[in-house]
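Take a look at the structure below.
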Amino acid sequence: MSEFQRFLAKRIGISVVLTLVAVSVIFFTLRLLPGSPFTQLVASGNLTDQQIQEIMQLYGLNRPLGEQYLAYLRNLLTFQFGFSIRQSRPVWAILGPKLLNTLVLLVPALVCTAFLSTALGMVAGWNRGSWLETGSIVATTFFRSTPVFITALGFIIVFAYTFDLVPAFGMRDITVTPSGIGAYFSLDFLHHYLLPFTVAVLYYSGDFLLLARNGIVERKGSAFLKLHRAKGLSETEQLWRAGRNSLLPVLTYFALRLGMVFQGLILLEVVFGWPGIGRQLVTSIAQQDYPVVQAAVFLMALAVIVMNLVADVLSAYFDPTVSMGGGS
């Protein structure tokens with residue numbers, strides 16, 4: 001087995017353990033919460049004690065905790081998430097559309113930010129000390145360090161209420177009936193999309209810009225660029241060569257961020273009323289809807305762990321010193 005194969009096997013083993021820890025923590029944390037999913041229904045008189053017992057038996061909540069845990073792990077291995085306690089629908093029928101809404105909002109925002117901020121960071125690093133470098137760092141750091149719900153509220157006040165350019169909330173007008181994938185390509189959807197998309201782009205921009213800028217600054221005085229300069233390459237060609245050799249941290253960070261997209265920007269979805277998976281998770285936790293919360297957290301943890309694994313593999317592939325020592 002080669003060094004890289006041993007590195008890959010070790011990383012996969014760590015990922016499996018981390019996934020097991022994550023799903024176990026959420027399982028036991030939910031059971032430690034005070035009350036039960038049926039407390040409010042009992043208090044309101046909507047269910048009798050006999051009906052409560054029948055429902056608990058249906059969901060296996062009256063069985064010992066160990067049996068519930070084993071059944072939970074067995075169902076996760078087969079992606080069988082069961083039925084929602086509150087909505088009496090399959091969990092995937094609830095989470096699937098919410099997850100799609102989140103990905104439609106955040107993946108294009110992340111990709112757009114990665115390209116624009118990386119390009120801007122490269123130019124800023126190449127022109128160190130210029131107004132472009134100072135202005136871009138100040139602006140993107142401001143949006144990165146400001147809580148996303150503060151930025152979102154500011155944009156709603158200015159562009160939705162003051163200038164009345166775009167809607168403040170929701171994913172589409174209440175009179176519009178969505179149908180299939182075409183609902184994501186309508187003008188009404190685009191109208192609602194612009195504001196949360198812009199806030200997400202601004203929120204992500206600082207990290208990519210600084211990574212790209214720092215990479216260029218480190219390589220600007222390097223020997224290989226002096227050699228290219230001596231060969232007569234133009235400034236643009238030298239910048240491209242330096243940028244190409246400093247993209248590994250940006251690619252690694254992009255993979256990590258892509259995994260975190262699956263959990264959504266919860267506060268952004270709440271402020272804009274965007275029906276994504278983050279907002280659904282908050283609602284389900286408040287209702288102690290165990291099957292929905294467990295499935296949502298499992299999907300989020302799995303996405304983050306898988307993309308961490310991808311980032312590690314990318315680093316080891318492009319930089320063999322990682323698997324030879326630094327990453328093992």
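What's counted below: heavy atoms across the whole structure, side chains too, no hydrogens, waters or symmetry copies. Just so you know, these numbers come straight off a predicted model, no measurement behind them. Along the sequence shown, residues carry numbers from 1.
Taken from SG in Cys112 to CZ in Phe197, the straight-line distance is 4.5 Å, to the nearest 0.5 Å. Rounded to the nearest 0.5 angstrom, His192 NE2 and Ser186 OG are separated by 9.5 Å. Put simply, CD1 on Ile85 and OH on Tyr290 are 7.0 Å apart, with the number rounded to the nearest 0.5 Å. Between the CD1 atom of Ile94 and the OG1 atom of Thr283 there is a distance of 11.0 Å, given to the nearest 0.5 Å.
Between Leu256 and Met307, the closest heavy-atom pair is CD2-O, 4.4 Å. Taking both residues in full, the closest heavy atoms of Pro167 and His191 are given as CD-O, 3.4 Å, listed atom of the first, atom of the second, then distance. The nearest pair of heavy atoms linking Arg63 to Ala71 is NH2-CB, 3.9 Å. Looking at every heavy atom in both residues, Thr140 comes nearest to Ser205 through CG2-OG, 3.6 Å. Between Ala295 and Leu95 the shortest heavy-atom distance is CB-CD1, 3.7 Å. Nearest heavy-atom pair, Gly170 versus Trp274, reported as atom, atom and distance to 0.1 Å: O-CE3, 4.0 Å.
The backbone N or O of Ser234 lies less than 3.5 Å from a partner atom in the side chain of Glu237, making a donor-acceptor pair.
Looking at Tyr69 and Phe28, their side chains come closer than 4.5 Å, going by heavy atoms from C-beta outward. Using a 4.5 Å heavy-atom cutoff, the side chains of Phe27 and Leu76 are not in contact.
In this structure, Phe155 and Phe159 have tilted ring planes: the angle between them lies in the 30° to 60° band.
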Could you walk me through whether Leu110 and Phe208 pass the side-chain contact (heavy atoms from CB on, under 4.5 Å) test, one step at a time?
CA-CA 10 Å; Leu110 184 63; Phe208 286 103; 3.8 Å; yes
Before you tell me yes or no, could you show the steps for Phe83 and Arg89 under side-chain contact (heavy atoms from CB on, under 4.5 Å), namely the whole-Å CA-CA distance, both residues' side-chain angles and the distance that decides it to 0.1 Å?
CA-CA 5 Å; Phe83 283 77; Arg89 290 196 295 153; 5.5 Å; no
Could you give me the CA-CA distance, side-chain angles and deciding distance for Asp312 and Arg11, then say whether salt bridge (Lys or Arg N to Asp or Glu O under 4.0 Å) is met?
CA-CA 8 Å; Asp312 283 345; Arg11 283 291 184 270; 3.0 Å; yes
Worked check of side-chain hydrogen bond (donor to acceptor under 3.5 Å, both in side chains) between Ser284 and Gln280:
CA-CA 6 Å; Ser284 298; Gln280 179 62 48; 3.0 Å; yes
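Under the ring-ring contact (aromatic ring centres under 6.0 Å, His included) criterion, Tyr203 pairs with no residue at all, not counting sequence neighbours. In terms of the side-chain hydrogen bond (donor to acceptor under 3.5 Å, both in side chains) criterion, residue partners of Glu235 (sequence neighbours excluded) are, by chain and number, Trp126.
Here Phe272 and Phe169 keep their ring centres 6.0 angstrom or further from each other.
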